[in-house]
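First comes the structure, then the notes that go with it.
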Amino acid sequence: LILGLLVLMALGGCAAASSPGVEEVREQLSQQHLPEARHVIEKFDPEATDVRVSADDALGIAEGLGYELDAPKILLMKDAAIGRVYWELASDRQIFKIDADTGAVLGIGDYSDRSQPKGSDIGLQRAAEMAKQKAEALLGPVAGEIGQPSVERVVEEGRTLYKAFWPQEVDGVPVEGGFILLMLRPSGDIKHFVNRWAEIDIDTRPTITQAEAIAIGREKAPTLELGDILEERIREADAVSADLVIKRPFRVLDESGPIFGEYSLVWEVVFQRSTGVEAPAWEDTDDSPEFVELSIDAHTGEVLGANFSK
């Protein structure tokens, strides 16, 4: 959620007031100063873009799964956060996202108004079994990597659904933003499907320790042109942590290339300073912390990306 908010800030989509120091940082991130390659979601011209899977192929994949899309609107899109170009097929009742290079199903949204027949609830155990079966049918060879999901019963807009979730790890290291999500109706039909499972082949053994990563973060922070407000947060942080993750670093302060880097093994170093401001009632914490997050390459010590709260 915080990353999503900061992406909107980077693209000029957040107009909330803040102090002058943060305004200066946000000004650097305004969409007006971002080249096209730094947009998070882009629409491509199919006639001018070379892809392996055609629009007709993508439509055939959706129909092969038993869906009939009535006069769908077809767009060729790219999501920079996951680094994939995909076909978006949208009808009045369904939406599909099909990888334009591999043909993998990246997303399904079924918005048909289906009432739940009395006594048709499949139950939690059967939902777990069906979720695994449906994920395997949608994912193909990748299905062998995903293991068992966590499954829970949830209520969305007054309707019962079963949520199956697979977080991605590589050699025990979590992949930030890597997951599979499947939402089933009580009948067992798919309501939502999201495939953000990434193909990753990197060395997962860090050569820099957690303590070294924190020290590097402190040392390099003044050279990153973060601005006085964010540098002060790092100096006055009352909590510092570092977690080893695999991620596409958020290159919010580097305008020389795409806003997300390539998948890398990083120490996610977080400098957090409590504000003493009471948090909203729906949050569990006693105050709203300010943070600066630096992505430190776990092999070289290079700062690959940054993130921060407003």
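A salt bridge links Arg126 with Glu129: at least one charged nitrogen is closer than 4.0 Å to a carboxylate oxygen. Under a 4.0 Å N-O distance rule, the pair Asp79/Arg196 qualifies as a salt bridge. A salt bridge is defined here as a Lys NZ or Arg NE, NH1 or NH2 lying under 4.0 Å from an Asp or Glu carboxylate O, and Glu42 with Arg84 fails to meet this definition. Ion pair Arg52/Asp57 not flagged as a salt bridge, since none of the NZ, NE, NH1 or NH2 atoms sits closer than 4.0 Å to an Asp/Glu carboxylate oxygen.
Although no hydrogens or angles enter the test, the distance criterion places no donor-acceptor pair under 3.5 Å between the side chain of His192 and the main chain of Gly107.
Other residues, nucleotides and ligands contribute at most 12 non-hydrogen atoms within 6.0 Å of the CG atom of Asp50. Around NZ of Lys220, the count of heavy atoms belonging to other residues, nucleotides or ligands within 6.0 Å exceeds 12. Within 6.0 Å of CD on Glu136 lie more than 12 heavy atoms contributed by other residues, nucleotides or ligands. Applying the 6.0 Å contact sphere to CG of Asp101 captures more than 12 heavy atoms from other residues, nucleotides or ligands.
Under the 6.0 Å cut-off for aromatic ring centres, Phe308 and Phe291 do not qualify, their centroids lying 6.0 Å or more apart.
The same ILVMFWY cluster, assembled from side-chain heavy atoms under 4.5 Å apart, contains both Leu265 and Val175. Hydrophobic clustering of Ile, Leu, Val, Met, Phe, Trp and Tyr side chains at less than 4.5 Å, counting indirect connections, unites Trp197 with Ile108. Linking ILVMFWY side-chain heavy atoms closer than 4.5 Å, directly or via other members, places Val40 and Leu304 in two distinct hydrophobic clusters.
Counting heavy atoms from C-beta outward, Glu63 and Glu68 have side chains that stay 4.5 Å or more apart.
Taken to the nearest 0.5 Å, the CD1 atom of Ile214 stands 7.0 Å off from the CZ atom of Phe271.
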For Arg93 and Asp70: C-alpha separation, side-chain torsions, deciding distance, then whether salt bridge (charged side-chain N to carboxylate O under 4.0 Å, His left out) applies. CA-CA 9 Å; Arg93 296 181 299 172; Asp70 183 22; over 6 Å; no
Going through the checks in order, is the salt bridge (charged side-chain N to carboxylate O under 4.0 Å, His left out) test met by Glu293 and Lys247? CA-CA 13 Å; Glu293 179 182 276; Lys247 68 178 293 185; 3.8 Å; yes
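Geometrically, Arg248 engages Tyr263 in a cation-pi contact, judged by NZ or CZ lying under 6.0 Å from the ring centre and within 45° of the ring axis.
Side chains of Asp110 and Ser112: a donor on one and an acceptor on the other come within 3.5 Å.
Of the candidates Glu268, Glu176, Arg251, Glu268 is the only one forming a side-chain hydrogen bond (donor to acceptor under 3.5 Å, both in side chains) with Ser295.
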